[in-house]
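Heads up: the structure comes next, in structure tokens.
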Amino acid sequence: MFPFFKKKFLYFPGCFTTSVLPEIVANYEKILDSLQIPYIMLDDLGCCGAIAFTNGYKQDFEELRGKNIEIIKDKRIKQLVTNSGNCMQTFALYYGFSVQHITQVLVAYTNKFPVKFEEGISIYDSPSLPVYEEPREILDALGFDVIELEKNKDQSLLCGCEGGMIQNTPELAKKMARSVFDLCTTKKLVVIDPLAYYHLRNNAPSRLEVIELSEVLL
């Protein structure tokens with residue numbers, strides 16, 4: 001039995017996913033549509049302000065926050081869903097809205113997913129996104145054998161995408177990514193946070209394929 005949504009939620013991909021990984025946004029739209037899950041997207045909704053806040057631009061953050069709250073309330077939106085860890089935490093902690101990671105929605109539909117894989121796979125848990133069981137349940141439903149990294153869930157290593165390290169200390173960021181790869185014994189590594197996915201994908205060794213979760217759901 002599926003918990004079909006009676007009211008549409010807002011799917012908010014986040015600025016980074018929209019601008020750098022538009023194919024991931026398109027993937028999740030296709031997945032939600034195929035499962036007939038009602039949702040809306042708002043082009044006039046701005047950045048959640050996570051980067052402004054963490055870098056100390058509090059006034060800029062409050063301006064973004066105020067505009068976004070006005071838009072969300074005007075649309076009478078009660079539930080937000082995002083694929084971004086930064087956006088999820090920002091909406092939950094500083095906006096006070098009810099927000100879920102997209103895997104927390106999709107996990108309710110796992111018996112609609114066809115079993116199409118028979119191989120081992122690992123998952124990287126981004127420290128900015130403490131959502132652990134739902135992505136694993138989804139991978140299991142798809143037929144994957146999840147082989148855990150030695151450091152996983154709330155003990156996961158930082159991968160180097162955090163805190164502006166990619167821009168400010170790129171060599172250190174790459175070294176931290178390699179530390180994650182050293183823990184992976186499978187040929188595929190799934191990542192559910194867009195920034196971590198982007199960074200790990202761009203630095204992955206040839207032996208390892210880094211995948212965003214939506215890519216195995218289609």
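The shown structure was predicted, so the numbers you read here are calculated from the model rather than taken from an experiment.
Under the 4.5 Å side-chain criterion, counting only non-hydrogen atoms from C-beta, Leu213 is in contact with Leu139. Taking the side chain as every heavy atom from C-beta outward, Val131 and Pro135 approach each other to under 4.5 Å. At least one side-chain heavy atom of Ile166 sits less than 4.5 Å from a side-chain heavy atom of Leu195. Using a 4.5 Å heavy-atom cutoff, the side chains of Val191 and Ile211 are not in contact. Taking 4.5 Å as the limit, some side-chain heavy atom of Gln89 sits within range of a side-chain heavy atom of Pro130. Between His199 and Cys159, some side-chain heavy-atom pair lies under the 4.5 Å cut-off.
Looking at Ser126 and Ser128, their side chains do bring a donor and an acceptor atom within 3.5 Å of each other. In summary, the side chains of Asn83 and Tyr11 do present a donor paired with an acceptor at a separation below 3.5 Å, with no hydrogens or angles considered. For the residue pair Ser156 / Asp125, no side-chain donor-acceptor distance below 3.5 Å is found, with atom types taken as modelled. Using a 3.5 Å distance cut-off with no hydrogens or angles, the side chains of Asp33 and Tyr39 do pair a donor with an acceptor. At a cut-off of 3.5 Å, with distance as the only test, a side-chain donor of Gln79 or Ser98 sits close to an acceptor on the other residue.
When each of Ile31, Leu32, Ile37 is tested with Tyr109 by the rule side chain to side chain contact (heavy atoms under 4.5 Å, CB included), just one qualifies, namely Ile37.
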**Report entry** Residue pair Leu106, Ile138: steps toward the side chain to side chain contact (heavy atoms under 4.5 Å, CB included) verdict
**Finding:** CA-CA 8 Å; Leu106 297 178; Ile138 292 170; 4.0 Å; yes
**Report entry** side chain to side chain contact (heavy atoms under 4.5 Å, CB included) evaluation trace for Ile77 with Leu80
**Finding:** CA-CA 8 Å; Ile77 294 166; Leu80 283 77; 4.1 Å; yes
**Report entry** Verdict with supporting geometry, Ile123 and Leu189, side chain to side chain contact (heavy atoms under 4.5 Å, CB included)
**Finding:** CA-CA 5 Å; Ile123 184 168; Leu189 179 67; 5.7 Å; no
Query raised in the report: What's the verdict on salt bridge (Lys or Arg N to Asp or Glu O under 4.0 Å) for Lys187 and Glu209, showing C-alpha distance, side-chain angles and the deciding distance?
Result: CA-CA 6 Å; Lys187 294 181 180 180; Glu209 181 182 6; over 6 Å; no
Query raised in the report: What's the verdict on side chain to side chain contact (heavy atoms under 4.5 Å, CB included) for Ile192 and His101, showing C-alpha distance, side-chain angles and the deciding distance?
Result: CA-CA 9 Å; Ile192 64 168; His101 188 260; 4.0 Å; yes
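Phe113 is not connected to Val115 by any chain of hydrophobic side-chain contacts under 4.5 Å among Ile, Leu, Val, Met, Phe, Trp and Tyr, and they are in different clusters. Val146 and Tyr132 sit in two unconnected hydrophobic clusters of ILVMFWY residues. Membership requires side-chain heavy atoms under 4.5 Å apart, directly or through other members. There is no path of hydrophobic side-chain contacts, each under 4.5 Å, that joins Leu64 to Leu10. Linking ILVMFWY residues whenever their side-chain heavy atoms come closer than 4.5 Å, directly or via other members, leaves Val210 and Leu158 in distinct clusters. The hydrophobic clustering, which links ILVMFWY residues whose side-chain heavy atoms are closer than 4.5 Å, places Leu45 and Met41 together.
Screening residues 142-152 for salt bridge (charged side-chain N to carboxylate O under 4.0 Å, His left out), with sequence neighbours left out, gives Arg136-Glu148.
The side-chain contact (heavy atoms from CB on, under 4.5 Å) test applied to Leu172 returns Met165, Thr169, Met176, not counting sequence neighbours.
Of the inter-residue distances, the one linking Arg65 atom CZ with Tyr95 atom OH reads 7.5 Å to the nearest 0.5 angstrom. The structure places CE of Met88 at 9.5 Å from CG of Leu93, a figure rounded to the nearest 0.5 Å. To the nearest 0.5 Å, the span separating CG on Leu183 from CG on Asn152 amounts to 9.5 Å. Note that the CG atom of Asn27 and the CD1 atom of Ile24 stand 5.0 Å from one another [nearest 0.5 Å]. Note that the CD1 atom of Ile71 and the NZ atom of Lys73 stand 13.0 Å from one another [nearest 0.5 Å]. Separation of atoms CD1 (Ile121) and CG (Asp140) is listed at 12.0 Å; rounding is to 0.5 Å.
Nearest heavy-atom pair, Pro13 versus Ser84, reported as atom, atom and distance to 0.1 Å: O-CB, 3.9 Å. Considering every non-hydrogen atom in both Glu23 and Arg201, the closest pair reads OE2-NH1, 3.9 Å. Residue Ile72 comes nearest to Phe91 through the heavy atom pair CD1-CE2, 4.2 Å, listed as atom of the first residue, atom of the second, then distance. When all heavy atoms are compared, the tightest approach of Phe181 to Pro205 is CD1-CD, 3.5 Å. Taking both residues in full, the closest heavy atoms of Asn68 and Cys48 are given as ND2-CA, 4.0 Å, listed atom of the first, atom of the second, then distance. Minimum interatomic distance between Gly163 and Asn168 (heavy atoms only, all atoms of both residues): O-ND2, 4.4 Å.
Here the side chain of Ser122 pairs a donor or acceptor atom with the backbone of Ile147 at under 3.5 angstrom. Under the 3.5 Å distance criterion, the side-chain polar atoms of Asp193 are matched with a main-chain donor or acceptor of Gly85. Side chain of Glu212 to backbone of Ser214: a donor-acceptor contact under 3.5 angstrom is found. Under a 3.5 Å cut-off, the side chain of Thr82 and the backbone N or O of Phe12 do form a donor-acceptor pair. Looking only at distances, a side-chain donor or acceptor of Glu162 sits under 3.5 Å from a matching main-chain atom of Gly160.
The neighbour count for Tyr57 OH, taken as heavy atoms of other residues, nucleotides or ligands under 6.0 Å away, does not exceed 12. The environment of Lys116 atom NZ is dense: over 12 non-hydrogen atoms of other residues, nucleotides or ligands sit within 6.0 angstrom. With a 6.0 Å radius and a threshold of 12 heavy atoms from other residues, nucleotides or ligands, Leu208 has its CG atom above the threshold. Within a 6.0 Å sphere centred on CZ of Arg76, heavy atoms belonging to other residues, nucleotides or ligands number 12 at most.
Using bins of under 30°, 30° to 60° and over 60° for the plane-to-plane angle, the ring pair Phe144/Phe117 lands in the parallel bin.
A centroid separation of 6.0 Å or more is found between the aromatic rings of Tyr197 and Tyr124.
For the pair Glu133 and Lys153, the salt-bridge criterion is met [side-chain N within less than 4.0 Å of a carboxylate O].
Under a cutoff of 6.0 Å and an axis angle of 45°, Lys78 and Phe9 do not form a cation-pi pair.
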